[in-house]
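In what follows, a single structure is set out as structure tokens and then discussed.
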Amino acid sequence: MTIRLYDTNARQIRDFTPLVPGCVSIYLCGATVQAAPHIGHIRSGLNFDIMRRWFEYRGYDVTFIRNVTDIDDKIIAKSADQGRPWWSIGYENERAFNDGYAALGCLPPTYEPRATGHVPEMIEMMRGLIERGHAYEADGNVYFDVRSYPEYLQLSNQELDNLRQPEGEGETGKRDQRDFALWKAVKPGEPSWETPWGRGRPGWHLECSAMAHKYLGEAFDIHGGGLDLIFPHHENEIAQAKAFGDDFAQYWVHNAWVTMSGEKMSKSLGNSVLVSEMVRHWRPIVLRYYLGTPHYRSMIEYSEDALREAEQAFTRIDGFVQRVVELAGGAVEPSAEVPPAFAEAMDDDLGVPQALAVVHTTVRQGNSALAADDKEAAVARLAEVRAMLGVLGLDPLDPHWSGGAEKGETVLNKNVHGVVDTLVRLVLDQRESARARKDWATADAIRDRLGQSGLAIEDSPSGPRWTLKS
């Protein structure tokens with residue numbers, strides 16, 4: 001068994017070899033909490049949640065760090081515009097992100113450090129970089145000297161002579177315009193922290209290098225994030241960390257975006273779809289299916305039609321699960337191992353689409369067993385399906401999702417489902433009464449009217465059950 005991952009730095013799929021046998025250390029760039037999350041933000045957390053689950057299935061002990069950037073230019077600008085403390089905006093949106101992760105079934109990280117809680121570690125790293133000749137102070141700012149690190153830009157495969165480094169307001173005193181800020185000098189009315197070079201606040205890139213060093217040490221296995229972070233963020237992280245003396249990440253794994261009309265989903269483009277709104281209209285487990293089942297390196301073009309297709313596909317899986325549970329008269333435990341074809345797909349750079357094809361094939365086999373009244377085979381297929389869905393975080397019988405209302409589902413959706421179920425049950429009771437008195441015409445008419453309204457009625461051993469038509 002060898003797990004293989006696409007390493008952005010190597011530009012190829014590599015066999016995964018952990019630094020410590022049996023252990024995996026992962027650092028994921030998490031939320032910049034200047035606003036509530038859209039589904040593009042949550043996709044990254046979800047993709048790496050699936051990676052983590054697969055490593056754990058394969059028997060690894062996983063340490064998973066997902067940071068929070070709780071201070072940056074946008075948070076400060078919003079604080080000024082809204083007349084609110086910067087930390088109030090950050091904390092409100094941090095909670096919104098955590099609610100979004102939880103709604104879609106992401107496991108909590110091992111640690112979730114905030115940038116502002118690690119200024120001492122940043123000062124230590126800056127001091128070390130200055131002593132080694134890789135950084136310098138100017139006008140209260142501290143900059144990284146990109147020409148001091150010959151391997152700069154290897155991750156993004158750019159030429160230094162053609163580089164245009166993004167820079168912020170007040171970044172004065174640079175020796176080279178391509179140098180980037182480790183620390184930004186204080187400005188009137190902005191939050192600041194004391195350092196040997198004066199008061200100021202951290203640069204974005206320094207935060208992650210310092211936090212990865214604190215929680216994962218000088219070297220760790222996997223650094224993850226979205227494609228948009230390759231440059232400048234991850235490129236600058238590498239330069240800082242390695243110039244400081246760390247080996248840093250051994251593998252770089254990047255997920256693709258969620259797009260709308262071909263553009264990356266972004267608040268600045270005005271095309272974001274907030275998670276808090278999406279869960280008002282779609283079951284959270286369906287949203288997880290929609291965002292988590294494409295390959296993590298494939299773009300997802302958002303559309304209502306695509307979401308409906310995901311809902312229909314998951315409904316077929318869910319329907320099979322519920323029918324077998326009813327037939328078995330109780331819970332069916334997941335099998336100890338997933339089918340070999342599923343494992344092979346997941347080992348090959350987390351090939352979720354190919355793995356999901358195995359899930360659907362197994363569901364079809366299980367449905368054939370149900371049609372043939374082969375209870376033993378149907379139960380065996382459900383055990384396999386549950387094992388596979390558990391790895392993907394999509395098992396409808398998992399306590400996170402079970403109980404009729406998924407965590408993260410709104411009160412409105414719970415109430416609507418309850419009202420519809422009560423009304424449909426009343427109609428089904430009338431149908432059962434008609435069947436009991438052998439009034440087949442009335443019973444059939446009731447079933448047909450329910451079908452016209454978009455409901456599928458199935459007569460099970462425990463009585464009639466309804467589902468939305470797929």
Can you give me the closest heavy-atom contact between [X] and [Y], atom names plus distance?
X	Y	value
A343	V338	CB-CG2, 3.9 Å
G366	A378	O-CB, 4.2 Å
R435	W440	O-CH2, 3.7 Å
Y290	A310	CB-CB, 3.9 Å
A256	R43	O-NH1, 3.0 Å
I71	P191	CD1-CG, 3.5 Å

- Message: Within a 6.0 Å radius of atom CD on E304, are there more than 12 heavy atoms belonging to other residues, nucleotides or ligands?
- Response: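 Enclosed: over 12 neighbouring heavy atoms sit under 6.0 Å from CD of E304.
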
- Task: Please indicate whether E112 has more than 12 foreign heavy atoms, meaning atoms of other residues, nucleotides or ligands, lying under 6.0 Å from its CD.
- Result: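 Correct, the count exceeds 12.
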
- CZ on F64 to CG on L216, rounded to 0.5 Å: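 Separation between the atoms: 11.0 Å.
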
- Measuring from Q354:CD to F342:CZ, what's the distance to the nearest 0.5 Å?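 One gets 11.0 Å once the value is rounded to the nearest 0.5 Å.
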
How would you list, by chain and number, every residue that makes a ring-ring contact (aromatic ring centres under 6.0 Å, His included) with [X], sequence neighbours excluded?
X	answer
F180	F144, H205
W54	Y57
F16	F55, Y251
H254	H234

Apply side-chain contact (heavy atoms from CB on, under 4.5 Å) to [X] and list each qualifying residue two or more places apart in sequence or on a separate chain.
X	value
D228	W257, K264
N93	V33, A36, I89
D448	none
S433	R437

- Message: On the six-membered ring of Y101, is R66 placed so that its NZ or CZ lies under 6.0 angstrom from the centre and within 45° of the ring axis?
- Response: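 Yes, R66 lies over the aromatic ring of Y101.
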
- Item | Intermediate values then yes/no, side-chain contact (heavy atoms from CB on, under 4.5 Å), V273 and E277 | CA-CA 7 Å; V273 182; E277 290 301 311; 5.9 Å; no

- Message: Under the criterion side-chain contact (heavy atoms from CB on, under 4.5 Å), I'd like the reasoning laid out for Y111 against M211: C-alpha separation, chi angles, the key distance, then a yes or no.
- Response: CA-CA 10 Å; Y111 306 110; M211 288 186 284; over 6 Å; no

- Task: Decide side-chain hydrogen bond (donor to acceptor under 3.5 Å, both in side chains) for Y215 and H118; before the verdict, give the C-alpha distance in whole Å, the side-chain angles of both, and the deciding distance to 0.1 Å.
- Result: CA-CA 11 Å; Y215 292 96; H118 296 79; 2.7 Å; yes

- Task: Could you check K78 against D81 for salt bridge (charged side-chain N to carboxylate O under 4.0 Å, His left out), going step by step and ending with a plain yes or no?
- Result: CA-CA 5 Å; K78 288 200 170 187; D81 290 342; over 6 Å; no

Taking atom types as modelled and ignoring hydrogens, do the side chains of [X] and [Y] form a donor-acceptor contact shorter than 3.5 angstrom?
X	Y	answer
D15	T2	no
H38	Y302	no
R323	N367	yes
T362	E384	no

Ignoring hydrogens and geometry, is there a side-chain-to-backbone donor-acceptor pair from [X] to [Y] under 3.5 Å?
X	Y	answer
E235	S156	yes
S79	R84	yes
S368	R364	yes
E121	A210	no
R280	V275	no
S453	L450	yes
D221	I26	no

Flag the pair [X] and [Y] as a salt bridge only when some basic side-chain nitrogen lies within less than 4.0 angstrom of an acidic carboxylate oxygen.
X	Y	result
D49	R52	no
R308	D305	yes
R201	D73	yes
E56	R53	no

Below 4.5 Å, heavy atoms only, C-beta onward: do [X] and [Y] meet side chain to side chain?
X	Y	value
W401	R283	no
C29	E237	yes
M346	V352	yes
I50	R288	yes
R316	Q312	yes
D247	Q250	yes
L428	I446	no
L153	F231	yes

- Task: Would you mind telling me which of L104, T315, L356, D318 makes a side chain to side chain contact (heavy atoms under 4.5 Å, CB included) with Y289?
- Result: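 By the side chain to side chain contact (heavy atoms under 4.5 Å, CB included) criterion, Y289 pairs with just one of L104, T315, L356, D318: L356.
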
Holding to salt bridge (Lys or Arg N to Asp or Glu O under 4.0 Å), I want the full list of residues that pass it with [X], two or more places apart in sequence or in another chain.
X	value
D348	R4
R297	D349
R449	none
E337	none

- Item | Check against side-chain contact (heavy atoms from CB on, under 4.5 Å), Q154 and I238 | CA-CA 10 Å; Q154 283 194 1; I238 293 172; over 6 Å; no

- Item | Test side-chain contact (heavy atoms from CB on, under 4.5 Å) applied to I3 and Y60, step by step | CA-CA 11 Å; I3 295 176; Y60 288 95; 4.2 Å; yes

- Item | Plane angle bin for W204 and H233 - parallel if under 30°, tilted between 30 and 60°, otherwise perpendicular |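 The arrangement is parallel - the two ring planes meet at less than 30°.
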
